[in-house]
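Down below is the structure, laid out as structure tokens.
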Amino acid sequence: MKKTKSEQQQDIRLLGKILGQSIHESDGKPIFDVIETVRRSAVSFRREGNINDSEVLLDKITSLSDDEANTLSRAFSYFLHLANLAEDRDQNRRHRRILLENSDELRGSFKHTLLKLKEQGVSLEAIREFFTKACIVPVLTAHPTEVQRKSTLDLHREIGRCLALYDKPLTEYEQAELETELAGHIKTLWLTRMLRFNKLMVDDEIENAIAYFNNTFLTAIPKLYSRLNHYLKTLSEDGASETPSLPAFLKMGSWIGGDRDGNPFVNADTLKHAVLRQSTAIFEYYLTEVHSLGSELSLSTSLTQVTKALQTLSDLSPDQSKHRQDEPYRRALIYIYARLAATARLLTDQSITIRSTHVAEPYTTPAAFADDLEIIIDSLKQNQAGAVVTLHLDKLLQAVRVFGFHLATLDLRQSSDVHERILTELYRRAAITFKGKPVDYARLSEEEKVELLLDELNQSRPLVSPWQGYSEETTKELDILRAAAFVCKRYGKQTIQQYIVSHTETLSDMLEVLVLQQETGLITQERDENGELLPLSEDDGLIVVPLFETIPDLQAGADIMDRWLGLPAVKNRIRHAQNGIQEVMLGYSDSNKDGGYLTSNWALYKTELELVRVFEKHDIRLRLFHGRGGSVGRGGGSSFDAILAQAPGTVAGQIRLTEQGEVIQSKYKNADIGGWHLELLVCATLEASLSAKNNTRDRHMEKFAHAMDHMSAIAEATYRQLVYGTPEFNEYYFAATPIHEIAGLNIGSRPASRKSGQRIEDLRAIPWSFSWAQCRLMIPGWYGVGTAIETYLNEGIPGAPETARERLEQLQEMEQHWPFFRTMLSNMEMVLAKSDLNIGKQYSSLVTQTSTREKIFGMIETEHAKTLAMLKKITGRELLADNPELVAALQERFAYIDPLNYLQVEVINRLRQDEKDNVKVSKFASARSQRTIHLTINGIATGLRNSG
């Protein structure tokens, strides 16, 4: 089914009209006319390409006063906010129509995926077996690319809700009333401060995450399970009305409050606060739901019977009201509510009930709460009232299985170099000797470290002494691990399960975390009366998850894991305390920043295949954790396509992936859109795991690996020559991108750089990608690919097809039949479609040294042209020529992003010129200009959608 353009355009026109009226009314006709002139010129230039329109646009922007620049940046930014809402509504509407029409475009829905697997001969039993072992976890992170305030996002939800009501038939009055409400929300949006005055702290990020659970996940995930159960039942050949319930294979994770890597603001109190807020949120949800059920389940024993178990539960109720003596379900729910309230008081140290309650014993586990709900469900089903279960009970029970008393699993993360410093101090303070010498841990060889750490894991005596005073860093880290042990014991083992080790480069980097867990109570070492170690319990310790980030780290990853899995103590821990699963995290951002787009993708793909072979050798199940971001350079793009493009055997029902920055808002702004994206994630994992074509040897890899290795080496050398091998690049980058302004934007608690100063090496990968997106060059998503392909076509390599034409045909075959290569080029094509060298050249004008500007931009321009030409050769078409509707939509969007780019350059230039000329500017004027730049950053990021 083709996309209906008119409905989306009508929505945009309606929202734009109301926004224009708000601006006219609040700020007056003169500024409204300026905004309209800029808008018309930008739209005309994008549609017609008339150079006069471009000149008018630039002249108008350079002549703006500071106040006009500020208002114009707000206007275009808010228009892009509204355009996104219209686009989201159109996507939702299109998805629903596809479902209703049973269209061939149903790809990614439960119905389509299950039918596809059935056609391939995958049995219903095999699908159900898949869900018993599957683990699918989106993990929310607080990486700073979400530029919107919560107040703005709340208004977005209200405007989106109003838009959705237009799908219903409306009377003349209802339509007028709806437009009035829309006008009120848009006026509020216009008069709401877009930027934060203060930098986000970790507590703010925790609250932002909780809002997504309240608005999306607590509703969307139980509905998803219900929807999946429905389609599984339709596949059942015996037409059974009852189907086995699904285990909790889809859960949520979070890094917010446990991720310390480079974030000095996360500590033990932060960790405990994050868990407390998560627990409070889920108890508030449960108490509200149980209270509602108590109002709804008014079934009387004068009209129906109940099971013995239900009657027993009812008899335990402290409620003695004579009005409810014949209503055992209500009485049972009052008892459940009392126990739940007692549990909430115990775990949150506060009363969060919405009604007064009786004293009762708290639940010891979420499973005990679920057991009571199942008693109610079983009684209703046995007494011909099963239809009542589907109203709310089944979804509440599923929520309990998914969210427990902790809401989301909170990961811990820290850098390996921090662990090394801590152990160096601990050994020094403990005055322990190794091979007859005092231990200077940092100076030991890798083999000596491994030997020492393995010995330490067999020691019963503590390494940490309560009588010693330790450095601030060591004290802080030990306190965090002790806090983790406390919350796991208090809230359950699901609360914290993984410990991510950033910059894992050696085996000792992983063993260090086991030792630190042992020293802080996360790992126990119980012995019997003979001094023999007792068997491990299933909840002993956190999974040590290596994060392989740079290209060298990825290349070493399989060897490190081979050694790790080969350690008897580790294998014993995996089998008995980790359910036979070992997790490995792959870093997309840093590998891209290190080696460029093509090399990063290829290194990740090869590492995955090597890991599969290693894990098969040791008979251990592999779970990959994909550290994906919003932009293509950081592993962004379609998660559905990315999962299907994974190497065979690398998914196998186990996947965790990060959801970062503005992508969280885009995917999970409400329950409908969030439910759709979660369904895509589950379907992709299901298909990648069970589909016949994804379950065979990767013959494409075997056939094309030699060519890919060659192109990867050239692409990496080309990229690194620009970024790390050209002395002038550093000066160009910090002048020609708004990286300094991004660092000053209050969008995250984490610093933009690991160290102070201006070095590319110290800059975090996220602001690196974000800054290139702002200036519309986006080199992390394509640079080096053009030279790599061109060199391969022109020169060839031993063993490759002999002629350039045959080599081109080989690349075309790769694009058509190899999902990995096709997805890599498809994502790159989207980046190239969003890049704009004319705008990038405007940013280069900020570089004062002419020779530097011309040299670096010239290198970028040349490589861009090569990449476009090579992509066209392989695909046989212009950019996005197979999707003209998307091209048209992007052109419309660019007409509102372009002015913000030009304005950003203009205001940055003014500020720098004033500094150069020693012009004294008032603090107010300087702050206003900075706000204008930040507003343009907000608008550009909003318009590009996956820029960070």
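Any value given below was found using the heavy atoms of this structure, including those in side chains, with hydrogens, waters and symmetry copies removed. Start at 1 with the first residue, then count along the sequence.
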>> Side chains of Val682 and Thr685, heavy atoms from C-beta outward: is any pair under 4.5 Å?
In response: no
> Considering all heavy atoms of both residues, which atom of Val400 and which atom of Ala370 are nearest to each other, and what is their separation?
Replying inline: CG1-CB, 4.0 Å
> Any donor and acceptor pair, going by atom type alone, linking the side chain of Ser379 with main-chain N or O of Ile375 inside 3.5 Å?
Replying inline: no
>> Could you tell me if the side chain of Asp479 sits less than 4.5 Å from the side chain of Lys476, heavy atoms only?
In response: no
> Nearest heavy-atom pair of Leu542 and Cys488: which atoms, and what distance?
Replying inline: CD2-SG, 4.4 Å
> Nearest 0.5 Å, what's the NZ-CZ distance between Lys133 and Phe130?
Replying inline: 11.5 Å
>> Show, in sequence, the C-alpha distance, side-chain angles and deciding distance for Asn229 and Ser226, and conclude whether the side-chain hydrogen bond (donor to acceptor under 3.5 Å, both in side chains) test is met.
In response: CA-CA 5 Å; Asn229 252 326; Ser226 179; over 6 Å; no
> Below 4.5 Å, heavy atoms only, C-beta onward: do Leu182 and Ile159 meet side chain to side chain?
Replying inline: yes
> Is the closest side-chain donor-acceptor distance between Asp372 and Tyr335 under 3.5 Å?
Replying inline: no
> Counting only heavy atoms not in Gln305, do more than 12 sit closer than 6.0 Å to its CD atom?
Replying inline: no
>> Before you tell me yes or no, could you show the steps for Leu514 and Arg573 under side-chain contact (heavy atoms from CB on, under 4.5 Å), namely the whole-Å CA-CA distance, both residues' side-chain angles and the distance that decides it to 0.1 Å?
In response: CA-CA 11 Å; Leu514 285 181; Arg573 173 163 295 282; 3.9 Å; yes
>> One pair to check against side-chain contact (heavy atoms from CB on, under 4.5 Å): Lys223 and Thr219. What are the steps and the verdict?
In response: CA-CA 6 Å; Lys223 280 186 176 180; Thr219 301; 4.0 Å; yes
>> Donor-acceptor pair, distance only, cut-off 3.5 Å: does the side chain of Thr658 make one with the backbone of Val139?
In response: no
> Thr216 and Lys669: side-chain contact (heavy atoms from CB on, under 4.5 Å), yes or no, with the steps?
Replying inline: CA-CA 7 Å; Thr216 300; Lys669 60 167 54 73; 6.0 Å; no
> Backbone N or O of Gly404 within a donor-acceptor pair of the Tyr286 side chain at under 3.5 Å?
Replying inline: yes
> Roughly how far, to the nearest 0.5 Å, is the CZ atom of Arg621 from the SG atom of Cys135?
Replying inline: 9.0 Å
> Say you draw a straight line from CD of Gln325 to OG of Ser300; how long is it, rounded to the nearest 0.5 Å?
Replying inline: 11.5 Å
> Any salt bridge between Arg161 and Glu158, counting N to O under 4.0 Å?
Replying inline: yes
> Is it the case that Asn572 and His576 place a side-chain donor and acceptor less than 3.5 Å from each other?
Replying inline: yes
>> Test your reading of the model: is there a side-chain donor-acceptor pair from Ser314 to the backbone of Leu310, 3.5 Å cut-off?
In response: no
>> Taking Asp672's backbone N and O only, do any of them form a donor-acceptor pair with Asn670's side chain (distance below 3.5 Å, no angle check)?
In response: yes
>> Name the residue from Phe283, Tyr491, Tyr285 that meets the ring-ring contact (aromatic ring centres under 6.0 Å, His included) definition with Phe405.
In response: Phe283
> Does some side-chain heavy atom of Glu477 sit less than 4.5 Å from a side-chain heavy atom of Leu516?
Replying inline: no
> Does Glu174 CD have over 12 foreign heavy atoms under 6.0 Å away?
Replying inline: yes
> For the atom pair CD1 (Ile655) and CG (Leu250), what is the distance rounded to the nearest 0.5 Å?
Replying inline: 11.5 Å
>> Classify the ring geometry of Tyr225 against Phe249: parallel below 30°, tilted from 30° to 60°, perpendicular beyond 60°.
In response: tilted
> Side chains of Ile376 and Leu297: does their closest heavy-atom pair fall under 4.5 Å?
Replying inline: yes
> Is there a donor-acceptor contact under 3.5 Å linking the side chains of Gln311 and Asp315?
Replying inline: yes
> Is any side-chain heavy atom of Thr180 less than 4.5 Å from a side-chain heavy atom of Glu177?
Replying inline: no
> Rounded to the nearest 0.5 Å, how far does CD of Glu659 lie from CG of Leu140?
Replying inline: 7.5 Å
> Does the side chain of Leu276 come within less than 4.5 Å of Val487's, by heavy atoms?
Replying inline: no
> Are Thr152 and Leu189 close enough, and set up right, to give a side-chain contact (heavy atoms from CB on, under 4.5 Å), and what steps lead you there?
Replying inline: CA-CA 7 Å; Thr152 303; Leu189 186 68; 3.9 Å; yes
> Would you say the side-chain atoms of Glu289 pair up with the backbone N or O of Leu396, donor to acceptor, closer than 3.5 Å?
Replying inline: no
> Hey, what do you get for CG (Leu412) to CZ (Arg260), rounding to the nearest 0.5 Å?
Replying inline: 5.5 Å
>> Strictly distance-based, threshold 3.5 Å: is any side-chain N or O of Asp411 a donor or acceptor partner for the main-chain N or O of Trp255?
In response: no
> So, does Thr343 use its side chain to make a donor-acceptor pair with the main chain of Tyr363 at under 3.5 Å?
Replying inline: yes
>> Looking at every heavy atom in both Arg330 and Ser295, which two are closest together, and how far apart are they?
In response: NH2-O, 2.8 Å
>> When you measure from the side chain of Lys395 to the backbone of Thr390, do you find a donor-acceptor pair of N or O atoms at a distance under 3.5 Å?
In response: yes
> Taking side chain as C-beta onward, heavy atoms only, is Gln578 less than 4.5 Å from Arg623?
Replying inline: no
> Are the side chain of His406 and the backbone N or O of Phe403 linked by a donor-acceptor pair below 3.5 Å?
Replying inline: yes
> Quick one: do Asp154 and Arg157 make a salt bridge, cutoff under 4.0 Å?
Replying inline: yes
